Amino acid sequence: MENIKRVEIIVPSPELERVLDLFQEKKVEGYTLIEKVRGMGHRGIQDGLGLTDAFTNSMLIWYCKPAKFDSLREQMRDLLEECGGICAVSDAQWLMH
Amino acid sequence: MENIKRVEIIVPSPELERVLDLFQEKKVEGYTLIEKVRGMGHRGIQDGLGLTDAFTNSMLIWYCKPAKFDSLREQMRDLLEECGGICAVSDAQWLMH
Amino acid sequence: MENIKRVEIIVPSPELERVLDLFQEKKVEGYTLIEKVRGMGHRGIQDGLGLTDAFTNSMLIWYCKPAKFDSLREQMRDLLEECGGICAVSDAQWLMH
Amino acid sequence: MDLDLILHNLFSPPILFFLGGLLAVAVRSDLEIPRDVAKFLSLFLLFSIGLKGGMELGHGGDFAVMIKPLIFAVLLAVLVPLYTFVILKRKLDVYNAGAVAATYGSVSAVTFVTAVSFLEGADIAYGGHMIAALAIMESPAIIVGVILIGRFSGAVQKGNRMRKVLHEAFTNGSVFIILLSLVIGLVIADDQYEAVAPFSENLFKGILTLFMLDMGLLAGKRISGLRTKGGFLVLFGILVPFFNAGVTMLLCPLFGISLGNAFLLTILAASASYIAVPAAMRMAVPKANPGIYVPLSLGITFPINIIVGIPVYYMILQYLYA
Amino acid sequence: MDLDLILHNLFSPPILFFLGGLLAVAVRSDLEIPRDVAKFLSLFLLFSIGLKGGMELGHGGDFAVMIKPLIFAVLLAVLVPLYTFVILKRKLDVYNAGAVAATYGSVSAVTFVTAVSFLEGADIAYGGHMIAALAIMESPAIIVGVILIGRFSGAVQKGNRMRKVLHEAFTNGSVFIILLSLVIGLVIADDQYEAVAPFSENLFKGILTLFMLDMGLLAGKRISGLRTKGGFLVLFGILVPFFNAGVTMLLCPLFGISLGNAFLLTILAASASYIAVPAAMRMAVPKANPGIYVPLSLGITFPINIIVGIPVYYMILQYLYA
Amino acid sequence: MDLDLILHNLFSPPILFFLGGLLAVAVRSDLEIPRDVAKFLSLFLLFSIGLKGGMELGHGGDFAVMIKPLIFAVLLAVLVPLYTFVILKRKLDVYNAGAVAATYGSVSAVTFVTAVSFLEGADIAYGGHMIAALAIMESPAIIVGVILIGRFSGAVQKGNRMRKVLHEAFTNGSVFIILLSLVIGLVIADDQYEAVAPFSENLFKGILTLFMLDMGLLAGKRISGLRTKGGFLVLFGILVPFFNAGVTMLLCPLFGISLGNAFLLTILAASASYIAVPAAMRMAVPKANPGIYVPLSLGITFPINIIVGIPVYYMILQYLYA
Ligand SMILES: Nc1ncnc2c1ncn2[C@@H]1O[C@H](COP(=O)(O)O)[C@@H](O)[C@H]1O
Ligand SMILES: Nc1ncnc2c1ncn2[C@@H]1O[C@H](COP(=O)(O)O)[C@@H](O)[C@H]1O
Ligand SMILES: Nc1ncnc2c1ncn2[C@@H]1O[C@H](COP(=O)(O)O)[C@@H](O)[C@H]1O
Ligand code: NA
Ligand code: NA
Ligand code: NA
């Protein structure tokens, strides 16, 4: 078991592409994506309604080394500031295989 | 980065409204909701089948200050006792923006 | 509040059954399942496209006692080695009811 | 001729695909109809039957003739949960007894729709107001069930919760869409109806067929959940529809209800809910186990009604009305 | 006769089911159409209208006659966001003013499709090129809106982001499917079209009807979000469509545009986008609040156009063209 | 006339919308058909083709005539994976070679369905038993592929896993629904079929058209995944269908198989699976990379067959049968 960070990012779906672009730029090697997530926050309710994903969120789960997260923390912060959403980090252990 | 609690609540979908009512009553400012989740527990298998959501769960993720969670802990416990489901809390850090 | 482990398992959907079989064998009492999850990892992108779930992942969340997790850790590792996916563990507290 | 009729019913695509769905589960095929699509198909069936019923209602009919089956329908919906509750309480706790009683007092729209499709195949007339009967019978049993549970469990139902149940009972999606379509079918002009009919009417049998495949898949998966629940419930699920149907069939001629309408009323009495009631009960009585009332209604009573019930009730009624 | 027409429009199934959807929200029914199915229904409508438009376009027509409404359409799509932006900036910040302006410069395909279905009921001819007008009018307003915001917010738009917006404006799914279907309808042989028509054409009115039920549910849920936003916006959402329609109706005869085409151009001018623009704006201007521009267009302008607008514009045009 | 035929095939709505889907990916449009709806459309196509095939089968036919193409079909399904495996093993590891071989031994239902729709346009008769051939050819190649991998990888396949693969091969949803519909089409009376036909038959071409749009979107997205995989695989994906088709076309007349049936058998031989095989292989051989076998079959072989293959095979067969 190896110590690792669990990063959880929730953003409005139209902004997902920007987070994934950031991931690609920083050569993130793995992530998991849950789509069509709803929620509430400072920008009001995202109720998942409508024919577009304007009112839908996307959720990313990313396990990584602490240093890796640090390398994109500031860009992530800027992105969230502009587009809304949250990013939280917790400690985890990872089953090596 | 600010220390924060990550609360994860999983309840049968028909009970979701009650949790959200509790959130509203306690002026919870933000949460994320994943619908159409399946599962197994003391009350048997929730396999997501059927034309209603009687066999479906909903999952809430709520980042909050510890005190905020404490303020609704007992009511949450009562609710779970009556309707089933789980509520777990872990430590996290939150990217301020 | 009781201390507990939060186990998160992400595998390609066609392998889900094997994990659930392992759970059954080990008499796991409860879990939550999120289907139609996407992601990226060593085996490339799982974009959720297509008419089968060949490019889709499933995500399991399992709260359990540490000893319980230990009891199936090695089998889990073997399974992930063969089929891909990840398994991570973190600490949590559980609202008894 | 009687055997012919049973065979004709058995060899209709909806029934055959229902059996196909059961078979798929038996051989553990991974065949499935996506949930959201199945929900839409069920919405379509209610929309279609409502619109057509309204349309026919609009083409006249004697109010005195129409009101009788409706009163009969409400009586059934109230009395069935009362008498079944008494039986069920011998073996189940109050919560589950109430939930099962509500399930059998309420009705199954798909059973009804299959019966309508059977009638049309046999060229027997029925009234558009029978669709109103379908809508009217969905809710009362829910309320009776909840009241019974409140009474016998001793637990004082908080007014707030009871209000929610009442609200859910009368506004749930399936009741709403039938009533809405019924009213709209009633008020629109014939040419308006005809513009919609290539969708709502012509596709009806085909969509019912695929929907029944889904019902077979569901029923097959649910039956297995019953195995551990013992023989009492299975017997209940087999006998109660026949009893309810029997009483209805005997009373219908006395009330002067026509053959087609009597047949539909019989099937309503015999059928049990697996959409509206589960939705309401999970909210109203979380202590009742949906693993009991859903499989019972969907895995036992539903197939019995559509495979055995429809032709048998029809033959008996033909005999009674001869 | 005029009242007749309004009633005829009101009592068509699509409008009635739209009202039914509003009612369902009002009584807090849990009726819903699964999101993925609703998306598919909307795709179907664009596919159907595009194919038919292309087909009719293929059956000839004078280029000089067709080009006029198209030029007119582009002018409308550019000018409407400009003048509305000036009005909106008095009460809203630059971001929201630009987003609302883009919303009203662009168009609503479902309003258009309802108008087409109205025309066909009234047996008035229209040109297949009007479907091209629908497609052409979706995008320019988005670009105008984004440029306005860039200008007035002082914020320098990064070239990268602007490129993305342009790209989204011209390739978004709804524009793409209309244009694709239009072109394919144009090139295929008549017998090819007829093989597809039992699906694409015969089901049109029925699918529109169920889709409008969903629009009613959506509009009902969105209206409530507007309550806190004050009277200015509501007034804006009521008056601007009539103003845009008015100007269009006065100009159409001068341009020699036929009655049917003028009617469709009027409805395009009056309508506001709630699909293409929200998708583009959320990406281009995350600082604009979709809780303003979506409810305004969907909860106010859409119902006004389909319920009041369609018959009223039609009557005025009949008068002007008499 | 030959060019005419190619053009006629190219200008059919299903093919054009397939190209439209490729175009949408090329211009990076966000057009998409919701996954669940696409799954349902594919189910509908299998249901429709199965029911119709069963119906035609029910209207008689000589058993001796019908059995020949079926035997031929099974032979193809067994031999194709064997010979392709030998070729593939030169460049791929055992796991991927086996998976690709299974992919090409199995068949594509949508290619078949497009070919049927082409035949009907050209008014050429074919037998209902060809739908049985489609169903029969889905599974054997999966088993051959898994056995080959077991043999050549040296890894002893656990009996448990092999049982699962066998099970999946014969009960997967698409095989099940075709066979079920075929049998039901066979047993029901004509009037029963006709009640379902406005759904299952009349909508066929239209739904195929929208489904092909989805196939174009999918194929477009999958092709790009192949770029890094090198020219060998691409060449394989282009040449193998023609080779398989060629051998089939030469043998069919010798077996006394009619033109229409020979054409369908040819298309089956030429087509590669992208539904049943991926589902089975992900489970049976997790070490094989679905990023190879799916794009190859969907991005290369599928478009080649439906655009070039269908008219070319048809012309060659017409020449051979003249
Ligand atoms: N405290 C929170 N806990 C969990 N999720 C949150 C929280 N705050 C915001 N979110 C999620 O982030 C999305 C965007 O947040 P915001 O930008 O604050 O509107 C919301 O729709 C929620 O899904
Ligand atoms: N140990 C557990 N780990 C994760 N999820 C659980 C666990 N126990 C219960 N759940 C979830 O909570 C739902 C309701 O649980 P219960 O009331 O115990 O039937 C289940 O369907 C699961 O989704
Ligand atoms: N670092 C990671 N963080 C989160 N999810 C991951 C990570 N690595 C892999 N995954 C998930 O596990 C799936 C299978 O991983 P793999 O076997 O590495 O291709 C991926 O499609 C992701 O959904
Ligand atoms: Na009943
Ligand atoms: Na406009
Ligand atoms: Na093949």
Side-chain angles (χ1 to χ4, degrees), chain B residues 7-28 31-60 71-88, chain D residues 25 32-43 45-46 95 99 103 108-110 155 158 160-161 164-165 168 172-174 211 214-215 217-222 224-225 228-229 273-295 297-299:
Chain B
V7 183
E8 193 164 77
I9 299 165
I10 298 159
V11 288
S13 297
E15 310 300 336
L16 173 65
E17 218 186 299
R18 297 178 66 191
V19 184
L20 293 183
D21 285 351
L22 179 58
F23 272 18
Q24 199 166 4
E25 184 193 322
K26 296 291 179 180
K27 302 209 166 45
V28 165
Y31 61 82
T32 294
L33 167 60
I34 309 180
E35 287 187 301
K36 297 188 188 168
V37 155
R38 298 168 37 179
M40 194 180 78
H42 297 307
R43 281 155 223 249
I45 287 188
Q46 294 283 86
D47 53 18
L49 292 179
L51 294 167
T52 66
D53 54 8
F55 291 93
T56 311
N57 293 332
S58 295
M59 177 166 157
L60 283 164
S71 79
L72 53 68
R73 188 163 62 183
E74 290 317 307
Q75 271 167 281
M76 196 69 214
R77 196 197 301 274
D78 293 348
L79 208 155
L80 294 181
E81 199 156 342
E82 197 183 343
C83 321
I86 61 168
C87 173
Chain D
V25 177
E32 62 170 9
I33 293 186
R35 284 306 78 210
D36 281 353
V37 173
K39 281 179 191 165
F40 180 70
L41 298 185
S42 123
L43 200 94
L45 294 175
L46 301 175
Y95 302 103
T103 300
S108 149
V110 185
K158 288 176 209 142
N160 192 19
R161 183 150 266 232
K164 273 201 180 168
V165 171
E168 167 72 17
N172 77 73
S174 60
F211 187 72
D214 188 59
M215 293 298 294
L217 292 167
L218 266 182
K221 282 171 190 157
R222 291 293 177 231
S224 65
T228 52
K229 299 290 183 301
S273 168
Y274 52 80
I275 303 183
V277 173
M281 284 296 138
R282 287 254 19 184
M283 207 154 74
V285 195
K287 279 182 182 151
N289 182 355
I292 292 179
Y293 51 88
V294 175
S297 125
L298 192 55

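Since we're looking at a predicted model, the values are computed, not measured. The chains referred to below are lettered A, B, ... by the order of the sequence lines, with proteins before strands, and numbering in each begins at 1.
- B:Asp53 does not touch chain D: none of its heavy atoms, backbone or side chain, sits under 4.5 Å away.
- Looking at D:Ile275, both its backbone and its side chain come within 4.5 Å of chain B, counting heavy atoms on both sides.
- Side chain of D:Arg282 to main chain of D:Ala280: no donor-acceptor pair is present (N/O by atom type, distance under 3.5 Å, no hydrogens or angles).
- Within the 4.5 angstrom heavy-atom criterion, only side-chain atoms of D:Phe211, from C-beta onward, approach chain B.
- No cation-pi contact links D:Arg222 to D:Tyr274, judged by a cut-off of 6.0 Å to the six-membered ring centre and 45° from its axis.
- Between the side chain of D:Ser297 and the backbone N or O of D:Ser273 there is at least one donor-acceptor pair closer than 3.5 Å.
- Only the side chain of D:Asp36 comes within contact range of chain B, with heavy atoms under 4.5 Å apart.
- Under a 3.5 Å cut-off, the side chain of D:Ser42 and the backbone N or O of D:Ala38 do not form any donor-acceptor pair.
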